[in-house]
2 protein chains.
Amino acid sequence: MTAPRALRATKQRAAVSDLLDRLADFRSAQEIHEELRRQGEGIGLTTVYRTLQTLADGGEVDVLRSAGGEAVYRRCESSAHHHHVVCRRCGAAEEIDAPMVESWAQEVAEKHGFSEISHTVEIFGVCRACT
Amino acid sequence: MTAPRALRATKQRAAVSDLLDRLADFRSAQEIHEELRRQGEGIGLTTVYRTLQTLADGGEVDVLRSAGGEAVYRRCESSAHHHHVVCRRCGAAEEIDAPMVESWAQEVAEKHGFSEISHTVEIFGVCRACT
DNA sequence: TGCGCCCATGATAGTGGTTTTCATCTAGGG
DNA sequence: CCCTAGATGAAAACCACTATCATGGGCGCA
């Protein structure tokens, strides 16, 4: 195994990863950048975007779109396919899995003649803390 | 009832609405603008955006976000709450309703202490015509 | 430990979708 | 027919995100 992974261990990548570990909320790239700067990390916005992109591609973080259309990121516990209940006030999220919804989606799509199926299922609400 | 509706009947609004009636696909504001210009309608991009926004607010059209994050619009048959199976190639969509998913979402959210619940459920695939 | 290759970084400029601004136009009630 | 509040649209602002490219710093190797 000649590690095909060409990722280099940099301070910036670690900083983003560490911050994600400490957050339980979906956050935008800009918010993450701002927070890291506040903590005194020297990191550029470009790098934050790039790092989040990389993490997302590797399935290490979940990405979804906020109501405003901007991408928000969060470290997920499980690397398996799952969905979220997200607080629309603070972004806090809990993971859920829904086997029955998975099969339902597959079935419905096939019935309509669609193939190569994917789906988005997210539940939004206001969490206990924000009520 | 002193009609609170302050909407004026203009040629532009009618043009957008008519075009939406003839389309079965989710289309972006830009695409709709382009199509109207092609048909010789004198309409500005600004107005297209504004009109779609208004229609969406009034629940007359469905809005969702394409993979790239841009907003796409479509006239919906049913004004009731429903979801879609959308072709990621051409935007063609069919409406589906999923009572069991509705109640499932409600139940899951409550179990996690969330209130004022809403949800997004969209199924993406490739339609028969695009295969 | 030191060298050097090459990936990573980040300031800056660019891109593309959407909104705001504001001067002008017009639907439609009086 | 006139007047006015709402509608229009060209241009500019906005904002999230991406591309560019010169510089910096891991890390493999000697």
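Letters go in sequence order (proteins before strands), and every chain restarts at 1. These values consider heavy atoms only, across backbone and side chains, with no hydrogens, waters or symmetry-generated copies.
- Look at CG on Asp57(B): it is 10 Å from P on dT19(C), rounded to the nearest Å.
- Ring-centre distance between Phe26(B) and His84(B): below the 6.0 Å cut-off.
- Spacing between atom NZ of Lys11(B) and atom P of dC25(C) amounts to 14 Å, rounded to whole angstrom units.
- Proximity note for Thr10(B) (side chain, C-beta onward) versus dC17(D), dT18(C), dT8(D): the nearest is dT8(D).
- Interface remark: the Thr46(B) side chain does form a donor-acceptor pair with the dA10(D) base, using a distance-only criterion of under 3.5 Å.
- Here the straight-line distance linking atom SG of Cys90(A) with atom CZ of Arg27(A) works out to 8.5 Å at 0.5 Å rounding.
- Ranking dC17(D), dG9(D), dG10(C) by closeness to the Gln12(A) side chain, first place goes to dG10(C).
- Side-chain contact annotation: Ser17(A) with Arg75(A), donor-acceptor N/O pair under 3.5 Å present.
- As rounded to whole Å, 10 Å separates atom C1' of dT9(C) from atom CZ of Arg13(A).
- Within 6.0 Å of the CD atom in Glu110(B), the count of heavy atoms belonging to other residues, nucleotides or ligands exceeds 12.
- In this structure, of dG10(C), dT19(C), dT18(C), it is dG10(C) that holds the atom nearest to the side chain of Thr47(A).
- Inspection of the Gln30(B) and Glu34(B) side chains reveals no N or O donor paired with an N or O acceptor under 3.5 Å.
- The interatomic distance linking Glu70(A) (CD) with dG17(C) (C1') rounds to 14 Å, in whole Å.
- Leu64(A) places its CG atom 16 Å from the C1' atom of dA16(D), with the value rounded to the nearest Å.
- No hydrogens or angles were tested; on distance alone, a donor-acceptor pair under 3.5 Å links the side chain of Arg8(B) to the base of dT26(C).
- Between the CD atom in Gln39(B) and the CG atom in Asp18(B) there is a gap of 9.0 Å [rounded to 0.5 Å].
- Rounded to an integer number of Å, the gap from Leu52(B) CG to dG17(C) P is 15 Å.
- Aromatic ring pairs are classed by plane angle as parallel below 30°, tilted from 30° to 60° and perpendicular above 60°; the pair His119(A) and His81(A) is perpendicular.
- Following rounding to the nearest Å, Tyr49(B) (OH) and dA13(D) (C1') show an atom-to-atom distance of 14 Å.
- Taking atom CD of Gln53(B) as the reference point, atom P of dT18(C) lies 10 Å away to the nearest angstrom.
- Scanning residues 32-44 of chain A for heavy-atom distances under 4.0 Å to DNA chain C yields Gly42(A), Ile43(A), Gly44(A).
- Across the interface with DNA chain C, nearest-nucleotide mapping of Val48(A) and Arg50(B) shows Val48(A) to be the residue nearer the 5′ end.
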